[in-house]
Participant: 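Please read through the structure below; I'll follow up with questions.
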Protein chains: 2
Amino acid sequence: MLSKKAKYAIKALIRLADHQGEPVRIADLARTEQIPPKFLELILLGLRNNGVLQSRKGKGGGYLLARDPAKIYLGQIVRMFDGPLAPVPCASQTAYVPCADCRNEAVCGVHLAMKEVRDATAKVLDGTSLASLRRKVDRVALLDHNR
Amino acid sequence: MLSKKAKYAIKALIRLADHQGEPVRIADLARTEQIPPKFLELILLGLRNNGVLQSRKGKGGGYLLARDPAKIYLGQIVRMFDGPLAPVPCASQTAYVPCADCRNEAVCGVHLAMKEVRDATAKVLDGTSLASLRRKVDRVALLDHNR
DNA sequence: ATTTACCCTATCTATCAGATAGAGTTAAAA
DNA sequence: TTTTAACTCTATCTGATAGATAGGGTAAAT
């Protein structure tokens with residue numbers, strides 16, 4: 001399950017990618033994306049402290065992307081809030097932890113199957129940037145509009 | 001995250017697939033797979049009530065697969081204990097629920113990306129049966145032994 | 001009749017997701 | 001220089017749920 005934090009983070013980032021260069025206020029973001037403002041505050045702070053966003057204080061301030069949206073991948077965002085992508089720690093690439101109850105991991109069916117799930121998930125999320133996601137949405141929106 | 005229930009269920013099912021036709025006692029299964037016995041009892045009961053296992057009471061009793069291991073897919077097991085595979089309800093095929101905070105799902109980036117994750121996960125889990133998983137494990141075990 | 005083993009419901013506990021509160025700090029603008 | 005808009009940070013609350021345990025009930029084989 002994707003946490004609300006990760007979900008809200010992605011929604012906010014997509015929106016910020018539409019305002020490149022322009023700071024956007026927490027309050028505005030919260031309103032347009034239907035996110036509890038104080039909760040969003042926490043999320044954006046996390047993104048900032050992880051180098052994904054930068055902020056400007058004071059009047060006229062707000063948040064903006066810290067780098068090119070083509071270089072911001074969903075994999076990083078999801079891991080930041082929800083931890084490793086793998087369904088079990090022993091199948092994680094970025095945060096491997098062996099199972100206490102596993103005699104031989106190499107021949108463990110759970111390990112084998114979940115590694116495949118992890119790889120499939122990582123392929124999608126580490127292969128999707130804010131920029132590519134935006135392009136996809138635009139493409140769908142066009143089709144949606146033409147029907 | 002895969003719950004312990006789903007993980008234990010898969011481990012137990014793999015073991016049961018090795019004993020086709022022969023009932024296996026909860027206590028034996030619990031010992032060999034390092035699972036708390038009473039917890040495993042609950043899990044096996046669930047599998048039975050969902051038609052995956054059958055049971056025999058009394059002396060010489062135990063649990064056994066209710067059907068061909070080639071017809072038991074991990075997707076069913078995981079959904080049974082952990083709910084839909086999709087990271088968000090709006091991306092679920094088997095348990096679709098729209099998001100309250102979503103104006104237009106067709107052009108929602110989160111929806112789009114998570115649908116891809118769901119599809120990738122479902123492809124793996126609905127494509128893996130107990131029988132095919134066992135074959136894979138055997139293949140790996142052979143390699144592991146030959147090194 | 002007795003033993004073995006599954007059947008079922010209730011309950012406990014710790015953790016955590018989701019959310020809120022409020023005082024503090026910075027920087028731009030008046 | 002004062003004001004004010006906005007981000008910064010820590011603490012806390014609450015309800016839900018995962019993981020696990022307890023214990024009496026029921027069926028079948030010997």
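Keep in mind the model is a prediction, meaning the values are calculated, not measured. Convention: sequence-line order gives letters A, B, ...; per-chain numbering from 1.
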Participant: Go through the structure and list residues passing ring-ring contact (aromatic ring centres under 6.0 Å, His included) with B:Tyr96, not counting sequence neighbours.
Facilitator: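 Counting only residues at least two positions away or on another chain, B:Tyr96 forms no ring-ring contact (aromatic ring centres under 6.0 Å, His included).
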Participant: For a quick check, with a 4.0 angstrom heavy-atom cut-off, what is the B/S/- contact string for nucleotides 12-17 of chain D, read 5' to 3'?
Facilitator: ------
Participant: With sequence neighbours excluded, tell me which residues meet side chain to side chain donor-acceptor pair (under 3.5 Å) with B:Gln54.
Facilitator: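 With sequence neighbours excluded, B:Gln54 shows a side chain to side chain donor-acceptor pair (under 3.5 Å) to no residue whatsoever.
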Participant: Using the ring-ring contact (aromatic ring centres under 6.0 Å, His included) criterion, which residues pair with A:Tyr63? Sequence neighbours excluded.
Facilitator: none
Participant: Whole angstroms only, please: what is the CG-C1' distance between A:Leu44 and D:dT8?
Facilitator: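 Rounded to whole Å, this separation is 12 Å.
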Participant: Go through D:dT8, C:dA19, C:dC7 for me and flag the one nearest to the A:Lys4 side chain.
Facilitator: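 Taking heavy atoms from C-beta onward, the closest nucleotide is C:dA19.
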Participant: Over how many whole Å does the gap from A:Leu45 atom CG to C:dA19 atom C1' extend?
Facilitator: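 For the pair A:Leu45 CG and C:dA19 C1', the rounded distance is 16 Å.
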Participant: Looking at every strand, decide which applies to A:Tyr8 at a 4.0 Å heavy-atom threshold: base, sugar-phosphate, or nothing.
Facilitator: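 Sugar-phosphate only.
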Participant: Could you check how far CG of A:Leu40 sits from P of C:dG18, rounded to whole Å?
Facilitator: 14 Å
Participant: For C:dA5, take OP1 and OP2 only and decide whether either is under 4.0 Å from a side-chain N or O of B:Ser55.
Facilitator: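 Answer no for this pair, as no side-chain N or O of B:Ser55 is under 4.0 Å from OP1 or OP2.
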Participant: Taking DNA chain D as the partner, which of residues 23-34 of chain B come within under 4.0 angstrom of it by heavy atom?
Facilitator: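 None, since no heavy atom is under 4.0 Å.
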Participant: Kindly work out whether a path of hydrophobic side-chain contacts (I/L/V/M/F/W/Y, heavy atoms less than 4.5 Å apart) joins A:Tyr73 to A:Tyr8.
Facilitator: no
Participant: Mind calculating the distance between NZ (A:Lys7) and P (C:dA17) to the nearest angstrom?
Facilitator: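 The distance from NZ of A:Lys7 to P of C:dA17 comes to 16 Å, rounded to the nearest Å.
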Participant: Does A:Arg79 have any salt bridge (Lys or Arg N to Asp or Glu O under 4.0 Å) partners at least two apart in sequence or in another chain, and if so, which?
Facilitator: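 Only A:Asp126 meet the salt bridge (Lys or Arg N to Asp or Glu O under 4.0 Å) criterion with A:Arg79.
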Participant: Can you list the residues that meet the salt bridge (Lys or Arg N to Asp or Glu O under 4.0 Å) rule with B:Arg134, with sequence neighbours excluded?
Facilitator: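 B:Asp18.
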Participant: Restricting to salt bridge (Lys or Arg N to Asp or Glu O under 4.0 Å), what partner residues turn up for B:Lys136, sequence neighbours left out?
Facilitator: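 Only A:Glu116 meet the salt bridge (Lys or Arg N to Asp or Glu O under 4.0 Å) criterion with B:Lys136.
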Participant: Applying side chain to side chain donor-acceptor pair (under 3.5 Å), can you list everything that pairs with A:Thr121, at least two apart in sequence or on another chain?
Facilitator: none
Participant: To the nearest Å, how far apart are B:Tyr63 OH and D:dA27 C1'?
Facilitator: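 B:Tyr63 atom OH is separated from D:dA27 atom C1' by 13 Å.
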Participant: Mind checking side chain to side chain donor-acceptor pair (under 3.5 Å) for B:Thr128 and listing every partner two or more places apart, or none if nothing turns up?
Facilitator: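 So B:Thr128 forms no side chain to side chain donor-acceptor pair (under 3.5 Å) with any residue.
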Participant: In whole angstroms, how far is the P atom of D:dC7 from the CG atom of A:Leu16?
Facilitator: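 After rounding, the reported distance stands at 11 Å.
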Participant: Does A:Phe81 offer a backbone N or O that forms a donor-acceptor pair with the side chain of A:Lys5 under 3.5 Å?
Facilitator: no
Participant: What pairs with B:Arg25 under salt bridge (Lys or Arg N to Asp or Glu O under 4.0 Å), at least two apart in sequence or on another chain?
Facilitator: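 Per chain and number, B:Arg25 pairs via salt bridge (Lys or Arg N to Asp or Glu O under 4.0 Å) with B:Asp28.
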Participant: Report the distance from atom CG of B:Leu64 to atom C1' of C:dA5, rounded to the nearest whole Å.
Facilitator: 13 Å
Participant: Any chance you could list the contact pattern along nucleotides 21-30 of chain C? Use B for base contacts, S for sugar-phosphate-only contacts and - for none, protein heavy atoms under 4.0 Å, 5' to 3'.
Facilitator: BB---SSSS-
Participant: Please give, in whole Å, the distance from D:dA18 P to B:Phe39 CZ?
Facilitator: 10 Å
